[in-house]
Each structure stands twice: as C-alpha cells, then as structure tokens.
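Structure, as structure tokens:
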There are 2 protein chains.
Amino acid sequence: MSSRELGASLGLTDAQIRKDLALFGSLGQSGRGYQIVDVLKRLRQMMGRDQVWPIVVVGIGNIGRAITSYGPFKREGFDIVGVFDIDSKVVGTKSAGRTVRAMSDLRATIVEHDVRLGVMTVPKESAQGVADELIAAGIVGILNFAPKRVSAPRGVSIVSVDFTVSLEQLAFQVWWTGHTENGVDGGAFES
Amino acid sequence: MSSRELGASLGLTDAQIRKDLALFGSLGQSGRGYQIVDVLKRLRQMMGRDQVWPIVVVGIGNIGRAITSYGPFKREGFDIVGVFDIDSKVVGTKSAGRTVRAMSDLRATIVEHDVRLGVMTVPKESAQGVADELIAAGIVGILNFAPKRVSAPRGVSIVSVDFTVSLEQLAFQVWWTGHTENGVDGGAFES
DNA sequence: CCATGTGAATGGATTCACAGCT
DNA sequence: AGCTGTGAATCCATTCACATGG
C-alpha cells in the first residue's frame with residue numbers, strides 16, 4: 001500500500017505518512033510502498049504493544065460491568081485477571097462470568113499476575129482512596145472513570161475518561177457547525 | 001488570578017494563557033490578572049455553552065444505565081429528556097428513575113423537546129442502524145459508545161468514546177515511562 | 001516508471017520581551 | 001511594582017520537491 005492510499009484512508013497527506021513512518025526506520029520499499037502487515041508488526045514491537053497486559057477492574061457498578069463484558073479488550077491484548085469491589089453485597093456475585101472479589105484479595109492478585117494496569121470504576125468519593133490502594137499494591141497505570149482528578153506519585157500514569165468532556169466536545173461541534181456552517185475538523189478519529 | 005497561576009495549574013506557560021484568552025477579547029485587567037468567574041461566563045457565552053442541551057439516550061445496557069445515572073451531566077448543562085431501548089423486555093423498566101421507552105417514541109420526544117444530541121450505547125451490530133434512526137429523527141450530534149465507526153451525512157457530528165483507545169494510551173504511557181525513565185507529557189488532561 | 005526517504009521551504013503555534021495600564 | 005496584551009523572534013510540525021532505489 002502506498003503512502004498516498006494510506007493517507008487517504010486516514011485523512012492525512014502522503015508526506016505525513018512517510019515522515020511519520022520514517023521516524024521508526026525505513027519500513028517501506030521504494031517504488032512499492034508499505035507492506036502493512038509487516039509495518040504493523042514492527043510498530044507494535046517497537047511500541048511495546050506486542051505483549052499481553054493483565055489488568056484488574058475495581059468497582060463493579062454499571063461501568064465496571066460494562067468494562068468486564070467489553071469484548072475488544074481481549075483482542076487488543078488486555079486480559080482482565082481480576083474484578084474487585086468494596087461492597088460485600090457485590091463480592092461473590094458474577095460479572096461477565098468472573099467472580100467479584102474483595103479488596104483484600106487485590107494485592108495478591110496483582111503480585112501473582114504481575115499486573116501493572118488497573119481500571120477504576122468507582123464513585124468519585126472513593127476514587128483517591130482506591131487509587132492509593134492500587135498504587136500501594138504495585139499498579140503503575142490507572143484508567144480512571146470517576147469524574148474526579150486523582151493524584152499519583154511520579155512514575156504512576158493516570159488516564160481519565162470523562163463522559164462530560166466527550167459530550168461537551170460534541171455539543172461544541174454541533175454548535176460550531178450550526179454557528180458557522182463549517183464543520184469541525186475532528187481529525188483522524190472523527191467518527 | 002494571574003496568567004502565571006492559571007498556567008501553572010493547567011500545565012501551560014503564562015504567555016500561552018494570555019495569547020489564548022486574548023483571542024476572545026481583552027478579558028483581563030492590566031496589573032490585576034483575570035476575574036475567572038467573569039472570564040468563564042464570557043467564554044461560555046461565546047462558545048454556546050450557556051444553554052441547556054436536551055439529550056436522549058438510546059440503548060439501556062450497562063453503559064446506558066451508567067450514563068443515565070451520571071450526575072455531572074446535569075451540572076454541565078445536559079438534560080436527559082428520554083431513554084430508549086429496542087428490547088421490549090427493557091422497555092417499561094426504570095433506569096435511574098426514568099422509564100425506558102420504545103424506539104417508536106423516539107421521534108416524538110426529539111421533536112417535542114427540540115433535541116439535537118443523542119447518546120448511543122448500543123451493541124456494535126446495531127450502531128449504524130440506530131444512528132440512522134437518530135439522524136432521521138432530527139439528531140445532529142451523536143456520542144457513540146459502540147466500538148464501531150459510524151458514518152453520518154455532512155452536518156451531523158459524531159464523537160466516539162472507545163475504552164480500548166484509552167487503555168492503549170495508558171499502556172503506552174506506562175511502557176514508555178518504564179522504557180525511558182521519562183514520563184509522558186499528558187497535557188492538560190493527564191490526571 | 002512508481003514510490004520512498006529526506007533536505008529545504010513553509011506556515012502556524014509557542015515563547016520572548018516589553019510598552020502600557022492599574 | 002504587578003500583570004496584561006501583543007508585536008517580534010523562535011520553534012516545530014507539515015508540506016514541498018527531488019534524488020535515489022526497486
């Protein structure tokens with residue numbers, strides 16, 4: 001596939017594609033374009049995406065259940081090795097086939113599976129406390145769904161998902177489109 | 001508050017803050033800084049965020065329920081005026097105090113409340129179909145939670161939330177941090 | 001001939017630095 | 001003095017354009 005084709009399907013110019021890919025070495029063949037399967041493999045290797053990441057999910061409310069039953073994670077190399085909740089009424093029940101365990105089991109699971117990533121779907125009141133527990137147990141990356149900033153020591157990454165921000169982004173695009181008759185350039189991920 | 005303080009708390013330079021705010025007019029006072037409450041009010045007005053957006057939610061599974069019970073939407077000016085599902089077993093039940101309605105009621109609700117935004121939390125198989133229904137009923141912005149690209153005609157905005165992307169972002173940050181001993185600059189939304 | 005990889009040119013955004021206001 | 005708003009300088013990403021390789 002040529003950089004032109006690749007770019008067209010991603011909404012980028014051919015030069016952009018070449019410049020970016022060239023950063024990772026000479027992945028194409030002059031006159032022939034890119035062997036995309038090989039390129040993907042190379043990129044995945046070089047960006048640490050050729051491994052399976054074990055993850056834990058803490059907080060089995062609506063979002064927690066949605067996460068545990070979310071198929072695409074597996075295919076993208078994420079393996080849920082434990083789901084946890086504080087609430088003793090929830091502990092012992094099943095979520096997407098997995099038994100919910102008590103927080104007291106957290107550390108053992110993390111150590112056993114060498115887990116580095118945790119998904120946190122808890123109420124905002126518990127967010128910082130649970131984050132601290134995760135970090136104390138050895139987690140170095142947290143995907144946070146609570147609408148609350150969580151602080152963590154250097155060396156621990158936090159990525160937050162805030163539905164409100166996404167909805168605001170959408171409202172702005174709609175407003176702007178109606179306001180100017182010009183669409184918003186959503187970039188590569190517009191749809 | 002001065003541009004320096006504002007910048008520090010957002011991870012930006014003072015010059016950046018001043019340049020950006022100046023785009024919207026002279027919102028600060030020389031020698032005194034910015035009156036943030038006023039500035040926020042001005043910005044909200046100028047960016048169409050001083051109105052309440054009625055929204056509908058389609059698909060009352062785990063994510064749909066999470067959305068309907070998500071408090072911050074209300075505070076940020078989004079008002080859920082209807083929740084819908086295809087499944088007749090779900091129709092008539094309650095989600096966060098709201099009765100789930102049949103898809104046949106969708107258009108009437110949208111017209112009645114002049115709804116322009118829809119949140120779509122349906123399986124990926126139904127995503128395009130439901131999107132088409134929403135658009136046909138007059139929706140011009142869709143927040144899509146299905147792990148599937150949805151196409152829409154010009155003039156309709158789509159914002160997709162893909163948990164996998166967020167988790168990949170996190171995994172990359174963690175990997176990069178461990179790989180280089182340098183943290184990743186997460187920008188303004190790092191935590 | 002076709003398409004990459006890459007220096008050079010371009011353009012837009014960030015930073016500098018300071019006149020002017022409080 | 002403290003701080004804004006803004007031209008000028010600087011930086012950096014994108015685009016251009018072409019020498020080189022298949």
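Everything numeric here is computed off the predicted structure, so don't read it as measured data. Within every chain, numbering begins at 1; the chains are lettered A, B, ... in the order of the sequence lines, protein sequences first and strands thereafter.
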pair B:I139-B:V56: side-chain heavy atoms closer than 4.5 Å: yes
Spacing between A:R18 atom CZ and D:dA19 atom P, to the nearest angstrom: 15 Å
Short side-chain N/O contact to D:dT15 OP1/OP2 from A:T13, under 4.0 Å: yes
Rounded interatomic separation in angstrom, taking CG from A:D20 and C1' from C:dT4: 14 Å
Exercise: do A:S3 and A:D14 side chains pair donor with acceptor under 3.5 Å: no
Residue-phosphate contact under 4.0 Å: A:S3 side-chain N/O, C:dA3 OP1/OP2: no
Spacing of A:K19 atom NZ relative to D:dT14 atom P, expressed in whole Å: 10 Å
Nucleotide nearest A:S30 (side chain, heavy atoms from C-beta), chosen from C:dT6, D:dC3, C:dA3: C:dA3
Separation of C:dC16 C1' from B:Q16 CD (nearest whole Å): 13 Å
Touch class at under 4.0 angstrom, heavy-atom based, for A:L27 against every strand present: sugar-phosphate
Separation of C:dA17 P from B:R4 CZ (nearest whole Å): 13 Å
Atom-pair distance (CG on A:D14; P on D:dT14), nearest Å: 14 Å
Atom-to-atom span, CD1 of B:I17 to P of C:dT15 - whole angstrom: 11 Å
Test item: A:P54 and A:D114 side chains (from C-beta on) under 4.5 Å apart, heavy atoms: no
Candidate nucleotides D:dC16, C:dT4, D:dT4, ranked by approach to the side chain of A:Y34 - the nearest: C:dT4
Heavy-atom check, side chain of B:L167 versus side chain of A:E76, under 4.5 Å: no
Distance-only donor-acceptor check, side chains B:R98 and B:T68, under 3.5 Å: no
B:L21 CG - D:dG5 C1' separation (whole Å): 11 Å
Residue whose closest nucleotide on DNA chain D lies nearer the 5' end, A:G31 versus B:M1: B:M1
